[in-house]
Every structure is written in C-alpha cells, then in structure tokens.
Participant: 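Below is a structure I'd like to ask you about.
Values in this document were obtained by computation on a predicted structure and should not be read as measured data.
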Amino acid sequence: RSCHTGGITKTNPNIGLDPEGLSLATPNRNSVAGLVDYLKNPTTFDGLESIAETHPSIASADIFPKMRSLSEDDLFAIAGHILLQPKVLTEKWGGGKIYY
C-alpha cells in the first residue's frame, strides 16, 4: 500500500510531498535531515501529535515490519528521492488524480 503515490497524500490531498508543502510543515520537512527525522518519528502537519501508529516509521517498526531493516543510509536515500522527484517529474509530482 502506498499513501504517497506520485507525491500526493491520500489521507489529505491538500498536503503533498512537493518542496513548498514540505516547507510548511512544523518542523519543516523540505530537507534531507527533516525528512529523515520524519521517517523516524512522524508527526501531524502541525508537529503536535505523533502519527507513528498510522504512518510507517522507525518508531513503529513493530507495526510496519518493512521499516525494521532500514538503515540510516536507507532513510537518507528515501529522503533524497522525495526531494529529487519534483525536479524529475515536475508538475506530475503531487499532481494527484489527473496524473495517476
């Protein structure tokens, strides 16, 4: 299951993985360090509540087994992929149903 196919967020299509959207999160997530932190301990967009029980993360590796084997290098690569995709796919990244 993928909650972010094409850079959109299925649970809230108004929040995407595009650089602008990531920069508006608290704390901002538009950097490798910010995204790695999120992959370890995901929070709501306002940063106030943990969503580790519903979003794959290192903190919830017991619930999301695929997260157990990810190294720090893997998290860095995932974050880099997220940040690079808007440059590769341009407007398709975060474009939603009209593209996917």
Participant: Quick one: does any side-chain atom of Ser60 pair with a main-chain N or O of His55 as donor and acceptor, under 3.5 Å?
Facilitator: yes

Participant: Do Leu39 and Ile58 pass the side-chain contact (heavy atoms from CB on, under 4.5 Å) test, and can you show the C-alpha distance, the side-chain angles, and the key distance before you say yes or no?
Facilitator: CA-CA 6 Å; Leu39 291 168; Ile58 299 303; 5.6 Å; no

Participant: Which atoms form the tightest heavy-atom contact between Ile51 and Thr44, and what is the distance?
Facilitator: CG2-CG2, 3.6 Å

Participant: I'd like to check Thr26 versus Phe45 (side-chain heavy atoms, cut-off strictly below 4.5 Å). Are they in contact?
Facilitator: no

Participant: Donor-acceptor check, side chain of Arg29 to backbone of Leu22, threshold 3.5 angstrom: yes or no?
Facilitator: no

Participant: What's the spacing between Leu83 CG and Asp18 CG if we round to 0.5 Å?
Facilitator: 11.0 Å

Participant: For residues Asn41 and Ala59, report the shortest heavy-atom separation together with the two atoms involved.
Facilitator: OD1-CB, 3.5 Å

Participant: Measure across Lys40 and Ser57 and return the closest heavy-atom pair with its distance rounded to 0.1 Å.
Facilitator: O-CB, 3.8 Å

Participant: Can you tell me if Asp73 and Ser71 form a side-chain donor-acceptor pair at under 3.5 Å?
Facilitator: no

Participant: Which atom names give the shortest non-hydrogen contact between Ala79 and Val36, and what distance separates them?
Facilitator: CB-CG2, 4.0 Å

Participant: For Asp74 and Leu70, which heavy atoms make the closest approach, and how far apart are they?
Facilitator: OD2-CA, 3.4 Å

Participant: Considering all heavy atoms of both residues, which atom of Asn30 and which atom of Pro19 are nearest to each other, and what is their separation?
Facilitator: CB-O, 3.8 Å

Participant: Between atom CG of Leu24 and atom CG of Asp46, what is the distance when rounded to the nearest 0.5 Å?
Facilitator: 12.5 Å

Participant: Okay, side chain of Thr43, backbone of Glu49: is any donor-acceptor separation there less than 3.5 Å?
Facilitator: no

